[in-house]
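Every number for a ligand or one of its atoms is a count from 1 in the order of the listing. Small disclaimer: the values here were computed from a predicted structure and weren't measured. Just so you know, residue 1 is the first one in the sequence shown, and it goes up from there.
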Amino acid sequence: MSHDDRLPHLLGMTSAELMGLAESFGQPAFRGRQIADWLYKRSAHTVDEMTDLPSSFRDTLRDACILRRHEIVSRDISSDHTTKFLLALEDRNTVESVLLPYADRVSVCLSTQVGCAMACAFCATAVGGLVRDLRAGEIVDQALTLQSESPGRITHVVYMGMGEPLLNYDNVVRSIHLLNEEVGIGQRHMTISTVGIVPRILQLADEGLQVTLAISLHAPNDTLRKTLMPAASTSTVRSLVQACRAYAEKTHRRVTFEYLLIRDVNDSQEHARELASLLKGLLCNVNLIPYNEVESLGFKRPGRDSIQSFRAVLEGEGTAVTQRMERGHSISAACGQLRRRSETP
Ligand code: SF4
């Protein structure tokens, strides 16, 4: 551990914590608010930019705290302006984040871990395994960095990039508070996408948050889910749906079930019927995502007709269905489709 590792990171602290920090250095509390403003509203990259702080206090902060921001390594722009960014962290690991501008809103897809331990068979991120959790400040930094590249204000956040958010629970919950209270993005405009860690879903239901829960289900029964998502299948699909029921009852939020449609794997009409029966009576909708093919993994995208018949069966059974817009298709900007690049820039 270097000397630096023991110093507090400014990005990741709340206004209240920064006020306490200012006071601990003999400064009035309002200086902490000024720092928060520089970090979260003005996206400062260095303490030197915080020109309304006394220069002696800036010197103290520079010596006693860390402020490091992500570096943009590359931008991959799709024809619909969806842009995938590769960002370098301070330890030179990299994560991907995606900026999705729509006519009426701007959404960002954030990573929560470097790599992922869940080993889903269809996923590009899974290939390298888990490297480490991101700190809350590193999650928020992705949004701040993409904001500086966005023509419009970011209004929506999806935790759907690399990693399993509920396995980095404390940092993810802290980042929700920071993005909401410090950056100003509404909680109802945030979505956590998870493979479904049952005890953490129940814990999240008790946090008093208003975020949307999205479950990467991808299979309507345990046998098939085990082959696609071995690490996620420690809970049965029934216990997972039960936990979602508890989440919906406590938060009054509709739960989304993500269903990646993979040709000849989980896209039959029988699968659709099984899925509809599993979700009966739950406040939810199913988001169908036609698979984006990843060369080395061998899975295929279904044809248009089988996507339509899958959807028709669900709707016929009374299940609410949405279909993910084909945005960013050319750059694989979709759940479980972000690739960890191990090469350092
Ligand atoms: S799909 Fe999501 S949970 Fe599964 S390995 Fe990929 S990043 Fe992890």
### Query
Glu149: what forms a salt bridge (charged side-chain N to carboxylate O under 4.0 Å, His left out) with it, not counting sequence neighbours?
Arg75

### Query
Quick one: which ligand 1 atoms are inside 4.0 Å of a heavy atom on Val195?
3 (S)

### Metal check, atom 4 (Fe) of ligand 1 vs Cys123 N/O/S, cut-off below 2.8 Å
no

### Summary
For Ala119, the ligand 1 atoms with a heavy-atom partner under 4.0 Å come out as 5 (S)

### Message
Measuring from atom 5 (S) of ligand 1, which candidate in Gly129, Gly115, Cys120, Gly163 has the nearest non-hydrogen atom?
### Response
Cys120

### Message
Within this structure, what is the NE2-CG distance for the pair His271 and Asn221, rounded to the nearest 0.5 Å?
### Response
6.0 Å

#### Entry: Contacts of type ring pair (Phe, Tyr, Trp, His ring centres under 6.0 Å), residue Tyr259, not counting sequence neighbours
Phe310

### Query
In terms of side-chain heavy atoms, does Thr251 have a donor or acceptor partner in Gln210 at a distance below 3.5 Å?
no

### Message
Under 2.8 Å from atom 8 (Fe) of ligand 1, is there any N, O or S atom belonging to Cys116?
### Response
yes

### Task
Verify the neighbour count for atom CG of Asp52: are there more than 12 heavy atoms of other residues, nucleotides or ligands below 6.0 Å?
yes

